[in-house]
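The model shown is predicted, which means the values in this text are computed figures rather than measured ones. Letters A, B, ... are given to chains in the order of the sequence lines, protein chains preceding strands, and every chain is numbered from 1.
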Number of protein chains: 2
Amino acid sequence: MADTSRAPRRRYGTRPTMKDVAARAGVGLKTVSRVVNGEPGVTDDTVRRVRDAIDALGFRRNDSARVLRKGRTASIGLVLEDLADPFYGPLSRAVEETARAHGALLIHGSSAEDPERERELVLALCARRVDGLIVVPASDDHRYLEPEIAAGVATVFVDRPPGRIEADVVLSDSFTGAREGVAHLIAHGHRRIGFIGDLPRIHTATERLRGYRAAMAAAGLETDEGWVSLGSTDPGRVRAAARSMLAGPAPVTALFTANNRVTVTVVRELGGRTRPVALVGFDDFELADLLDPAVTVIAQDAARLGRTAADRLFRRLDGVNTAPGTTRLPTRLIARGSGELPPA
Amino acid sequence: MADTSRAPRRRYGTRPTMKDVAARAGVGLKTVSRVVNGEPGVTDDTVRRVRDAIDALGFRRNDSARVLRKGRTASIGLVLEDLADPFYGPLSRAVEETARAHGALLIHGSSAEDPERERELVLALCARRVDGLIVVPASDDHRYLEPEIAAGVATVFVDRPPGRIEADVVLSDSFTGAREGVAHLIAHGHRRIGFIGDLPRIHTATERLRGYRAAMAAAGLETDEGWVSLGSTDPGRVRAAARSMLAGPAPVTALFTANNRVTVTVVRELGGRTRPVALVGFDDFELADLLDPAVTVIAQDAARLGRTAADRLFRRLDGVNTAPGTTRLPTRLIARGSGELPPA
DNA sequence: CTGAAAGCGCTTACAG
DNA sequence: CTGAAAGCGCTTACAG
């Protein structure tokens with residue numbers, strides 16, 4: 001492809017540099033640097049001359065060069081599952097606000113729940129020399145990050161723990177939340193309760209399943225294996241799972257759904273039925289209170305997850321060097337109606 | 001703040017460089033560069049020696065240095081209003097996918113609808129020398145971007161046009177969409193229709209208001225000024241506006257809400273009322289079909305907005321140099337019930 | 001108060 | 001097939 005064929009191709013060489021500013025202002029390079037960075041020790045008159053040259057030339061400092069020299073990039077990377085998932089909106093926003101307060105930019109990417117894609121993205125961010133990383137893991141083996149962490153890339157995992165390395169983690173207490181949600185259904189008279197969750201390799205999915213089993217066991221209830229379904233959040237898969245649990249001679253009378261994507265699909269599936277089925281979902285979601293019945297949920301605070309992870313990261317970047325630790329944030333049961341329906 | 005007080009402070013000098021790899025492999029710097037970049041003309045044996053050295057040292061190329069030399073950063077900036085707004089989730093995701101297909105990373109920031117914050121963010125991205133920018137404007141004056149665009153930063157505005165500069169823009173057809181939505185209410189017998197919109201300085205707000213007025217005028221209907229309310233999407237403000245239009249001796253019988261934030265708040269306000277009020281909202285939103293009544297909307301395709309803007313940007317980056325243009329994407333009326341209610 | 005020199009870690013342009 | 005030199009645009013460490 002001939003590059004010469006098209007019109008004025010952008011060229012970075014086109015941009016004025018500090019050297020150009022210095023020449024025009026009739027001062028040394030270092031003086032321009034002082035003015036640009038607001039360092040003291042420059043006469044008012046010199047400052048003015050430099051400023052005039054900057055304006056005349058339309059100079060803007062090239063931070064790529066600055067970064068190379070200074071070591072720090074003042075940017076952090078955020079890798080999560082899917083930018084479009086409403087759960088990650090408030091989380092991202094909270095990370096962004098914290099980064100902003102620290103003067104850092106945010107580089108963002110989605111792993112799409114693909115371990116290889118997570119790895120590529122994370123390593124690309126390391127090559128850009130982000131100061132730190134916040135990662136919602138898709139992979140279950142993060143040993144590939146060891147050299148990066150050793151080289152100084154501060155790393156905090158959020159929503160799920162990393163695999164096979166020690167690092168800071170910020171989680172919601174999925175086990176306790178799920179156990180309480182299922183116990184709530186049991187308290188309302190249910191004995192046959194289904195569990196529909198996410199892929200079994202996702203930590204939150206197995207933790208929530210563990211919570212389900214713990215609640216059932218604590219109440220002395222048997223769990224039929226047909227009542228448990230783990231898999232992708234694809235609506236077809238989830239609807240089939242729900243239909244199967246609700247069919248047959250001894251159908252479940254209540255469902256526990258392990259994340260917001262699953263809950264929304266199950267709400268749609270239940271909408272077409274006459275016999276009421278009780279439902280408690282993990283994760284709150286917009287308009288849950290306006291559905292009929294309104295949906296009882298185990299809410300986690302996505303913004304707080306993000307804020308806590310970012311605070312941890314920037315504390316590390318400020319030089320705090322304690323051992324890596326896990327923070328587990330509490331969940332909250334919000335009873336709205338669907339979880340208080342009696343068994344049919 | 002003494003820097004010496006804390007434990008092993010990360011130092012970039014710590015990282016191995018190409019020079020270190022070259023020394024260890026017993027080759028020249030340029031040979032390492034060739035291997036790292038997969039350039040041809042290196043013996044298999046030399047490649048192996050270099051690879052071994054890379055692995056032994058845990059070398060990862062510093063892209064900051066590369067960027068400085070090459071000019072291109074292989075990153076683009078995306079500035080929007082609020083990362084946590086569900087409308088921008090699919091848009092961001094679409095931009096990300098396109099960027100990924102072109103090997104570029106995404107630097108993301110929210111303007112929070114603050115013109116000054118937009119400007120700071122955009123200029124910070126320019127200083128990082130992003131190759132291009134996709135911006136949902138909060139400001140109504142983008143002349144500050146002129147020197148950057150002249151210096152070669154490809155720029156595409158999305159969702160709203162820029163102020164006082166010529167540039168590529170990708171929009172939904174807000175005027176036509178709103179006009180059709182209001183005409184739909186009129187077709188179902190309504191004569192007194194309220195309009196609740198966003199801040200008047202936001203282009204989409206005024207375009208949608210224009211659509212409302214056009215539909216009313218086309219039907220020969222008077223518009224009482226008490227039926228129009230523009231302002232922030234703060235729920236208190238929106239609820240008060242709705243209450244006021246629904247009070248008095250000649251209340252409105254239908255409402256047109258000009259974006260998803262406003263619609264959701266109005267749905268809550270109407271939920272507490274006995275007399276049915278018809279509603280059409282601009283923007284589709286999750287679960288709109290499951291509410292009672294299900295909400296009729298003018299849907300825009302947020303993912304397509306993002307994809308179109310990103311395609312345009314990368315075409316520019318590939319050297320296409322046509323005049324800046326505006327793309328207007330169609331909207332789609334989805335009738336679900338709330339917009340088909342007859343006047344009370 | 002001011003500036004010349006060296007260097008951050010790569011790639012480019014060239015020579016062998 | 002391989003490498004030494006120069007340079008990208010800044011900041012650092014120093015000297016005056």
Side-chain angles (χ1 to χ4, degrees), chain A residues 3 10-50 53-54 57-74 124 126-129 131 151-152, chain B residues 3 10-50 53-54 57-74 124 126-129 131 151-152:
Chain A
D3 209 296
R10 63 213 226 84
R11 290 232 313 281
Y12 277 91
T14 288
R15 288 222 183 224
T17 69
M18 279 195 181
K19 206 171 147 195
D20 301 322
V21 174
R24 177 162 185 132
V27 300
L29 193 56
K30 176 62 195 164
T31 299
V32 177
S33 175
R34 285 199 182 90
V35 172
V36 169
N37 294 302
E39 288 166 25
V42 188
T43 339
D44 287 359
D45 185 56
T46 308
V47 169
R48 206 169 309 119
R49 285 221 313 287
V50 172
I54 287 175
L57 262 32
F59 167 79
R60 183 161 334 272
R61 183 180 62 199
N62 183 336
D63 280 354
S64 291
R66 175 170 222 248
V67 152
L68 178 60
R69 191 62 242 241
K70 297 207 73 139
R72 287 249 183 149
T73 57
C126 290
R128 298 297 173 104
R129 297 295 189 263
D131 296 329
Chain B
D3 209 295
R10 62 211 224 84
R11 289 229 316 281
Y12 277 91
T14 290
R15 287 222 183 221
T17 70
M18 278 195 182
K19 208 171 145 193
D20 300 323
V21 174
R24 178 162 184 132
V27 300
L29 194 54
K30 177 60 196 167
T31 299
V32 177
S33 175
R34 285 199 182 89
V35 172
V36 168
N37 295 301
E39 289 167 24
V42 187
T43 339
D44 287 0
D45 185 58
T46 309
V47 170
R48 204 168 310 118
R49 285 221 315 286
V50 172
I54 286 174
L57 261 33
F59 168 79
R60 184 162 329 275
R61 183 180 62 200
N62 183 337
D63 280 353
S64 291
R66 175 169 222 248
V67 152
L68 178 61
R69 192 61 243 242
K70 296 208 74 138
R72 286 247 181 150
T73 56
C126 290
R128 298 296 173 103
R129 296 295 187 265
D131 296 329

Distance check: side-chain N/O of [X] vs OP1/OP2 of [N], anything under 4.0 Å?
{"X": "A/Lys70", "N": "D/dC10", "value": "no"}
{"X": "B/Thr31", "N": "D/dT2", "value": "no"}
{"X": "A/Thr43", "N": "C/dT2", "value": "yes"}

[atom1] of [X] versus [atom2] of [N]: gap in Å, rounded?
{"X": "A/Arg72", "N": "D/dC10", "atom1": "CZ", "atom2": "C1'", "value": "18 Å"}
{"X": "B/Asn37", "N": "C/dT12", "atom1": "CG", "atom2": "C1'", "value": "12 Å"}
{"X": "B/Leu29", "N": "C/dA13", "atom1": "CG", "atom2": "P", "value": "16 Å"}
{"X": "B/Lys19", "N": "C/dT11", "atom1": "NZ", "atom2": "P", "value": "16 Å"}
{"X": "A/Leu68", "N": "D/dT11", "atom1": "CG", "atom2": "P", "value": "11 Å"}
{"X": "B/Arg60", "N": "C/dG9", "atom1": "CZ", "atom2": "C1'", "value": "16 Å"}
{"X": "B/Met18", "N": "C/dT12", "atom1": "CE", "atom2": "P", "value": "11 Å"}
{"X": "A/Asn62", "N": "D/dG9", "atom1": "CG", "atom2": "C1'", "value": "6 Å"}

**Study point:** Closest to side chain of A/Thr46, choosing from C/dT11, D/dG3, C/dT2
**Key:**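 Side chain of A/Thr46 sits closest to C/dT2.
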Practice item. Choose from C/dC10, C/dG3, D/dT11 the nucleotide whose nearest atom is closest to any side-chain atom of A/Arg66. Key: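 Nucleotide nearest to A/Arg66's side chain: D/dT11.
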Check your understanding: DNA chain C: A/Lys30 or A/Arg69, which has the more 5' nearest nucleotide?
Key ->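 Whichever sits nearer the 5' end wins; that is A/Lys30.
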Practice item. For B/Glu39 and for A/Val47, locate the closest nucleotide of DNA chain C by heavy-atom distance; then report the residue assigned to the nucleotide nearer the 5' terminus. Key: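 Its nearest nucleotide lies further toward 5', so the answer is A/Val47.
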Check your understanding: Do B/Arg34 and D/dG3 share a donor-acceptor pair, side chain to base, under 3.5 Å?
Key ->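 A donor-acceptor contact between them is present.
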Check your understanding: At under 4.0 Å between heavy atoms, what does A/Val67 touch on the DNA or RNA strands: base, sugar-phosphate, or nothing?
Key ->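 Nothing, no nucleic acid heavy atom in range.
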**Study point:** Sugar-phosphate only, base, or nothing, as touched by A/Asp63 at under 4.0 Å among non-hydrogen atoms
**Key:**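 The residue A/Asp63 makes no contact with any strand.
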Exercise for review: Check step by step if side chain to side chain contact (heavy atoms under 4.5 Å, CB included) holds for A/Asn37 and A/Arg66.
Suggested key: CA-CA 11 Å; A/Asn37 294 302; A/Arg66 175 170 222 248; 3.3 Å; yes
Practice item. Using atom types as modelled and distance alone, determine if a side-chain donor or acceptor of A/Arg60 lies under 3.5 Å from a backbone N or O of B/Ala127. Key: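 Side chain of A/Arg60 to backbone of B/Ala127, a donor-acceptor pair under 3.5 Å: no, none is there.
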**Study point:** Derivation of the side chain to side chain contact (heavy atoms under 4.5 Å, CB included) call for A/Asn62 and A/Thr17
**Key:** CA-CA 8 Å; A/Asn62 183 336; A/Thr17 69; over 6 Å; no
Practice item. State whether the number of non-hydrogen atoms from other residues, nucleotides or ligands found under 6.0 Å of A/Asp45 atom CG is greater than 12. Key: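 For A/Asp45, atom CG is crowded (more than 12 foreign heavy atoms under 6.0 Å).
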**Study point:** Minimum heavy-atom distance A/Asp131-A/Arg72, with the two atoms named
**Key:**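 Minimum heavy-atom separation between A/Asp131 and A/Arg72: OD1-CA, 3.5 Å.
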